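Structure first, then comments.
Note that this is a predicted model, so its numbers are computed, not measured. Order of listing sets the numbers, starting from 1, for every ligand and every atom in it.
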Amino acid sequence: MSLRSRITGTGMCVPDRVVTNADLVEMMDTTDEWIQQRTGIRERRWVEDGQKPSDLAFGATRAALENADLEISDIDCILLSTLSGEHDFPGTSFFLHEKIDAGDIPCIDLRAQCSGFLFGLQMADALVVSGRHRRVLVLGCEVHSTGLDKTTAGRDVSVIFGDGAGAVILEGTDAADGPGLLEVRVHSEGKHARRLWTEAPSSAAPVRLTHEMIDDRRIYPFMDGRFVFKHAVTRMPEVLLETLNAASVKLDEVDLFLFHQANLRINEFVAQKLEIPESKLVNNIQRLGNCSAAALPILLDEAAREGRLEAGQLVSLTAFGSGFTWGSAILRWG
Ligand code: COA
C-alpha cells in the first residue's frame, strides 16, 4: 500500500518583545518610511535577553502537538531547519530534544536558510512515505536578532529580520486521494553563496574566530540586496510552476499561496508576474519581519488558525533564500 504524508498539526512561537521601525530609528540611521516602502515591514519580534532558539522551537512544538492531539512520545524523528544555531555544535534540535524530553528519537539540524522548511518537508516526506518513520516533527527556528549589526553599517540587513519558530507534524496516511502533500521541489545554486552570507566564525580560517573578524564586521550577515531580489523574483515563480506541473495542478486551482516572508515587494512582484489575485495571498511580514526558515511554518499555522484554510483546499508554499536555495510545495489541506 502506498503512503502519502499529511500535515496533522501546526504550531508557532514568537517572542513577546515587539520591535517597531521607530525602535530601530533609535539604534541606527533609518526611517519608518524607508523600511515600509522597501520591505513592507512595520515591526518584528526579537527575543528578550536569555531567550534561546530552542525555547522558541519548544513553544512551536508544544503548540503543534496540542493541535494534532499528540504527545512527544508519538513522534519518531525531528528535523529542524535553521541558519542561526543555538551553539556552534550540536544543532539546535538537540537542545529542543532535551527540552521536550524526546527519549532517544533521532533529531538533526538542516541548513538551507530561508528555504530550509521546504527542504525539511521534502526529507520528512521521504522518511514517512518510505515507511522509515511514522510521524516526523518538522521545524523552522531562528533567532536572528542576536547576530545582527544594529548600527547604521548593518541597516540594510538588520531592519529585515525577526525571530520566531514554526512547526508541523507530518504523518503517513494511506488515503492516496485524500489530503496530503502532493509534491515538493527544491533547488540550490552554491555559486551565489557569498551574495548572502555570514562569513565568520569560519572553519576555513586558521583560527575560527578572531578579533579582526569582529572588527571587520565579518561576523554579521552580508547581503547583495538587489542581486538577491532579482533572483528571488525569477526563481520563485519558476519553482512554483514546476511543482504544480509535477503534481498536475493548474495555477488557478490553487486556493491559497504562501510565500516566504523576506520582503513584501518580492511577494507582490511574484504574485503580479503569475497574475495571482490578492484574495489568494497571505502575508505576515508586516508584523513579524523575515524569520527565514521559520517564516513558512509560522504563516501556515496563522492561516490555519485564522480560518483561511478549509479541508480539501489546495495550498502552495514557495521560498527563496541564501545558498542560493529555493523550493515549492503543493498540498491538499485537511
Ligand atoms: N534605512 C535607510 N536607508 C537605507 C537602509 C535603511 N535601513 N538600508 C540601506 N539604505 C540606503 C542605502 O545606503 C542606499 O543609500 P545610497 O543610495 O545613498 O547609497 C539606499 O538606501 C538604497 O540602498 P539599496 O541597497 O540599493 O536599496 P534597495 O532598493 O536595493 O533595497 C533591500 C534594499 C534590502 C530592501 C532590497 O534590496 C531587498 O529587499 N533585497 C532582497 C532582500 C531579501 O529578500 N533578503 C532575504 C532573502 S531570504
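At the top of the distance list for atom 1 (N) of ligand 1, counting protein heavy atoms only, stands Thr30 OG1, 2.6 Å. Remark: minimum distance from atom 46 (C) of ligand 1 to any protein heavy atom is reached at Asn290 ND2, 3.7 Å. In terms of protein heavy-atom proximity, atom 44 (O) of ligand 1 is closest to Ile266 CD1, 3.3 Å. Distance from atom 34 (C) of ligand 1 to its nearest protein heavy atom, with residue and atom name: Met223 CE, 3.6 Å. For atom 10 (N) of ligand 1, the closest heavy atom belonging to the protein is Trp34 CZ2, 3.4 Å. Taking atom 48 (S) of ligand 1 as the reference point, the nearest protein heavy-atom neighbour is Cys114 SG, 3.1 Å.
In this structure, CD in Glu43 is found 8.5 Å from CZ in Arg287, a value given to the nearest 0.5 Å.
Closest heavy-atom approach to atom 47 (C) of ligand 1 within the set Val228, Ile160, Leu83, Leu24: this belongs to Val228.
Between Arg155 and ligand 1, at least one N/O pair is under 3.5 Å apart. In terms of polar-atom proximity, Thr39 is not counted as a contact of ligand 1, lacking any N or O under 3.5 Å from an N or O of the ligand. Below 3.5 Å of separation, one finds an N or O of Gly225 facing an N or O of ligand 1. By the 3.5 Å distance cut-off applied to N or O atoms, Ser322 is not counted among the residues near ligand 1. The shortest N or O to N or O distance between Arg38 and ligand 1 is below 3.5 Å.
Glu171 and Arg6 are not joined by a salt bridge, as no carboxylate oxygen comes within less than 4.0 angstrom of a charged side-chain nitrogen. One finds no salt bridge joining Arg134 and Asp74 here, because no Lys/Arg side-chain nitrogen approaches an Asp/Glu carboxylate oxygen to under 4.0 Å.
Proximity of Val159 to ligand 1, defined as any heavy-atom pair under 4.0 Å, is confined to the side chain (atoms from C-beta onward). The residue Val157 has no part lying near ligand 1, judged by heavy-atom distances below 4.0 Å. Counting heavy atoms closer than 4.0 Å to ligand 1, residue Asn263 contributes side-chain atoms (C-beta onward) but none from N, CA, C or O.
Within the listing of ligand 1, atoms 48 (S) sit less than 4.0 angstrom from a heavy atom of Gly321.
Taking 4.0 Å as the cut-off, Ile35 does not count as a neighbour of ligand 1 on heavy-atom distance.
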